[in-house]
Amino acid sequence: MPRVRVPPPPRMLPSLVALLAASAALAACGDAPPPAISYGAMAPLTGDAGRGGFRFGVATAATQIEDMNPATDWYLWTRPMDEGGLGKGTFVGDAVRGYTRNLEDLALVRDLGLDSYRFSIEWARIEPVRDQIDEAAIAHYRAQLEAMRAMGIRPLVTLHHFSNPVWVADPRDPYCASGPSDANLCGLGSAGGAQIIAEMAEHAALLARRFGDLVDEWGTLNEPVNYLLASYGIGSFPPGKVSISNVAGDFVPVVRDYIAAHAAMYQAIRAADTVDADGDGAAAVIGLSMSVADWEPARKHKLSTDPDDLAARDRLVYVFHHLFVDSIVNGTFDANLDGVPDEQHPDWAGTLDWLGLQYYFRAGVTGERALIPLLDVTPCFGGFDLGACLPAADPSFCVPRMGYEGWTDGLGDVLLDFSRRYPGLPLVVTEAGISTDVGARRAENVVRILEAIDRARRAGADVRGYYHWSLTDNFEWAEGFGPHFGLYSVDHGTYARTSTEGATALSEIAKSRELSTELRERYGGTGPMTPELVASDIYCGKVPASP
Ligand code: BGC
């Protein structure tokens, strides 16, 4: 299908309006080059001592990189049927051999000059069978953490990043007709939900006890809303349950259990990690990472000012961005998603020391048709296009492999929104990145994301760092190995890692603790990016034939 070029100027978003006004003011006094941005040293994620500090890091997740990982639900889910698996999508197999190559990969993090590495510990590897702990896996991760300490890289450990041991929710029997058993606890929101919450807390306590002398910074959950929608809402991730058509009855109990699991993990880590590994006065600082986006009101594939679409956008932002965080900050739950809490959960309150935000795209939301019934909204998301999908403001913003618009500047307003809603809660960008095979585009993504963060910090947001997603190309879940998010690309024959232009740019910034005028001029700003022309059927930058 031919690519239709949508001419700039881009849509008039609030942030863009401000930006255009600022650049008009600049133009009036001549085209001044963008000033260099300088960064303080890495500082604690929480507390006053960390204010003004900044960390540069990189993020990965175990299932996406690790080899020899057969006890995960993803291995079973993607394994070919003739080998006993469910044959869904691309087989994860040995991913990018990140388990056996972990020390070499850490050396890449060190050589990039980064302060911190956010990675996840695979629960299925630690506890492949319920209540049976694999000491070899513990020893492996311990050696990794010791190597990080020797290299001066601070660990930020994620406990739950989209994967489970098969016994938590066996994707071969997702609806669990015969009820929970040790081999299949039936998943969140089911009769086995309470046992899963207890197991997640037990796992968190184990990691905190065994690694607390090396780790202070813990993230319980990764992108809970995205994860639950994919695995329990539309069934595109294991265990493959579909409950989106009955949000109140089937999906909300899943959400409630996952929030409860976060709170239980928080308390378990707080009790079990009593060693201040990095000597900054805190033995454990515990947060989680939310997926965020620049959601725009839309109708019939155009930006909309219709009050119904504006209200739909606000409802979606509330559920996608705020509901989870409100719940654990305040100890409440809004079970009918109407914006007003209707359950009290005092044990959830205050279980958040820092908040991670993960930003990749801008997308439309319409109130015209309701894909998500209880919410009465239809977002442009995961391939659904019922009029909410908007052409990219400039075709070069389209990320063809992912089918979305990678508008980097939108992160600035999202950060400001969170900082106003949760004053006093430190923020950190725990993921941002781009799928691309064009080196300059990744460098542009790095520089522009840092510019958006800087804009928010200058307006008062307490943002303490940025972790690029990801260190190497990896297994992109339901999308398989097609998308390439790595600062290092990976040869799938030899597993050799090759540096990209994005790595060079990030490394220069991290080592000098400055985003220079020269790098800003080369890669930054809000103008068109270096194009990437990839044949793609996924909607992005294409004007639909019949709107
Ligand atoms: C997830 C990662 C994923 C990345 C890029 C985030 O949603 O945390 O696991 O690979 O986005 O799509």
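We count ligands from 1, going down the list as the structure has it; atoms in each ligand are counted the same way.
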Taking the six-membered ring where the residue is Trp, are the ring centres of Tyr227 and His161 under 6.0 Å apart?
-> no

Which atoms of ligand 1 are found less than 4.0 Å from any heavy atom of Gln358?
-> 8 (O)

Among protein heavy atoms, which lies nearest atom 3 (C) of ligand 1, and at what distance?
-> Glu476 OE1, 3.5 Å

protein heavy-atom neighbour closest to atom 6 (C) of ligand 1 works out as Glu431 OE1, 3.0 Å

NZ/NE/NH1/NH2 to OD/OE distance under 4.0 Å, Asp409 and Arg455 = yes

Could you tell me which residues satisfy side-chain hydrogen bond (donor to acceptor under 3.5 Å, both in side chains) with Tyr467, sequence neighbours excluded, listed by chain and number?
-> Arg55, Ser116

Nearest-contact summary for atom 7 (O) of ligand 1 - protein heavy atom, Å | Glu223 OE1, 2.5 Å

Presence of salt bridge, Arg401 and Glu476, under 4.0 angstrom | no

Min N/O separation Asn222 to ligand 1 under 3.5 Å | yes

ring-ring contact (aromatic ring centres under 6.0 Å, His included) between Tyr232 and Tyr258: does it pass, once the steps are laid out?
-> CA-CA 11 Å; Tyr232 291 88; Tyr258 207 40; 8.2 Å; no

For this output row, return yes or no: ring centroids of Trp74 and Phe237 closer than 6.0 angstrom.
-> yes

With a cut-off of 4.0 Å, which atoms of ligand 1 are near a heavy atom of Trp477?
-> 2 (C), 3 (C), 9 (O), 10 (O)

Could you check whether the rings of Trp348 and Phe333 sit parallel, tilted or perpendicular, using 30° and 60° as the cut-offs?
-> perpendicular

Of the backbone atoms (N, CA, C, O) and the side-chain heavy atoms from C-beta on, which set of Asn474 has a member under 4.0 Å from an atom of ligand 1: side chain, backbone, both, or neither?
-> neither

Can you tell which of Tyr359, Tyr360, Trp469 gets a heavy atom nearest to atom 11 (O) of ligand 1?
-> Tyr360

If we number the atoms of ligand 1 from 1 as shown, the ones under 4.0 Å from a heavy atom of His161 are 1 (C), 2 (C), 8 (O), 9 (O)

Is ligand 1 less than 4.0 angstrom away from at least one heavy atom of Glu479?
-> no

